[in-house]
Amino acid sequence: QVQLVESGGGLVQAGGSLRLSCEASGRTFRRYRYAMGWFRQAPGKEREFVAAMSWGGDTTYYTDSVKGRFTISRDNAKNTVYLQMNSLKPEDTAVYYCAADPSAAAVRDGHGTWGQGTQVTVSS
């Protein structure tokens, strides 16, 4: 099994930046070369996909609303995926969840293992 722990959330003004981190652990993570990604859930809304990246970084997915503002990256030596969020807007306010699965497409489609989430609040 794979375990995921997110960090880096907080309160930021509109137009500001935050970087989220998610560290993975577990015996199968490296063996199966897990893809990783991010979802978010705003109050009263369903969880939505944000971004995903394959193990080698050759495949990435983004939801349209964050393209050009958010960047996903990873450091496999640290078993960590990052989400650099720039030009933040109040509508980006949500709990952000890390996800992992051997398939980047499966992560994008909401399958796999989840972290506990980290709160991001963007004030206007």
Side-chain angles (χ1 to χ4, degrees):
Q1 283 286 10
V2 172
Q3 294 80 42
L4 305 171
V5 178
E6 303 97 333
S7 61
L11 173 65
V12 64
Q13 289 188 331
S17 299
L18 279 176
R19 188 177 79 156
L20 305 182
S21 300
C22 173
E23 183 175 1
S25 60
R27 293 181 299 172
T28 61
F29 181 76
R30 287 181 172 273
R31 181 185 305 169
Y32 294 112
R33 300 165 66 86
Y34 272 63
M36 299 181 77
W38 294 92
F39 281 70
R40 65 186 180 185
Q41 187 167 19
K45 295 187 177 181
E46 293 187 355
R47 190 175 297 189
E48 67 167 348
F49 169 73
V50 176
M53 175 176 277
S54 61
W55 172 267
D58 53 307
T59 299
T60 57
Y61 301 103
Y62 290 95
T63 193
D64 286 345
S65 62
V66 307
K67 286 180 180 177
R69 300 189 298 124
F70 292 10
T71 303
I72 189 170
S73 62
R74 64 188 296 163
D75 183 342
N76 289 340
K78 297 181 179 179
N79 289 355
T80 299
V81 67
Y82 305 97
L83 186 68
Q84 178 66 44
M85 306 185 293
N86 298 329
S87 302
L88 283 161
K89 304 174 181 180
E91 51 263 44
D92 294 318
T93 295
V95 177
Y96 283 70
Y97 296 91
C98 181
D101 187 272
S103 164
V107 172
R108 178 199 63 197
D109 295 341
H111 305 295
T113 301
W114 297 90
Q116 294 300 306
T118 185
Q119 177 71 46
V120 172
T121 303
V122 184
S123 63
S124 57

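Treat the numbers as computed from the prediction; the structure is a model and nothing was measured.
- The line from OG of S21 to NZ of K78 is 9.0 Å long, rounded to the nearest 0.5 Å.
- The two atoms that bring T60 and M53 nearest to each other are CG2-CE, 3.4 Å, heavy atoms only.
- Here the side chains of L20 and E6 are not in contact, with every heavy-atom distance at 4.5 Å or above.
- Within a 6.0 Å radius of CD in E91, more than 12 heavy atoms belonging to other residues, nucleotides or ligands are found.
- The minimum heavy-atom distance between Y32 and P102, with the atom names listed, is O-CB, 3.8 Å.
- The structure places CG of L83 at 9.0 Å from CZ of R40, a figure rounded to the nearest 0.5 Å.
- Of the inter-residue distances, the one linking S103 atom OG with R33 atom CZ reads 13.5 Å to the nearest 0.5 angstrom.
- Using cut-offs of 30° and 60° on the angle between ring planes, the pair F70 and Y96 is tilted.
- Salt-bridge annotation for D64 and K67: present, with a side-chain N of the basic residue lying under 4.0 Å from a carboxylate O of the acidic one.
- Put simply, CZ on R19 and CG on N86 are 11.5 Å apart, with the number rounded to the nearest 0.5 Å.
- The ring of F29 has its center closer than 6.0 angstrom to the ring center of Y34.
- Apart from Y82 itself, the hydrophobic cluster it occupies contains nothing, where clustering links Ile, Leu, Val, Met, Phe, Trp and Tyr at side-chain heavy-atom distances under 4.5 Å.
- Counting heavy atoms from C-beta outward, V120 and M85 have side chains that approach closer than 4.5 Å.
- With values rounded to the nearest 0.5 angstrom, C98 atom SG is found 12.0 Å from Q3 atom CD.
- For the pair Q119/T93, a side-chain contact is recorded, criterion being any heavy-atom separation below 4.5 Å from C-beta on.
- Note: K89 NZ to S124 OG = 14.0 Å, rounded to the nearest 0.5 Å.
- Between G8 and L18 the shortest heavy-atom distance is O-CD2, 3.9 Å.
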Test log, rule side chain to side chain contact (heavy atoms under 4.5 Å, CB included), inputs Y62 and T71: CA-CA 9 Å; Y62 290 95; T71 303; 3.9 Å; yes

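- No donor-acceptor pair under 3.5 Å is formed between the side chain of Y61 and the backbone N or O of G37.
- Judged by distance alone, the side chains of R30 and N76 never bring a donor and an acceptor atom under 3.5 Å apart.
- Here the closest non-hydrogen pair linking S17 and S87 is OG-N, 4.4 Å.
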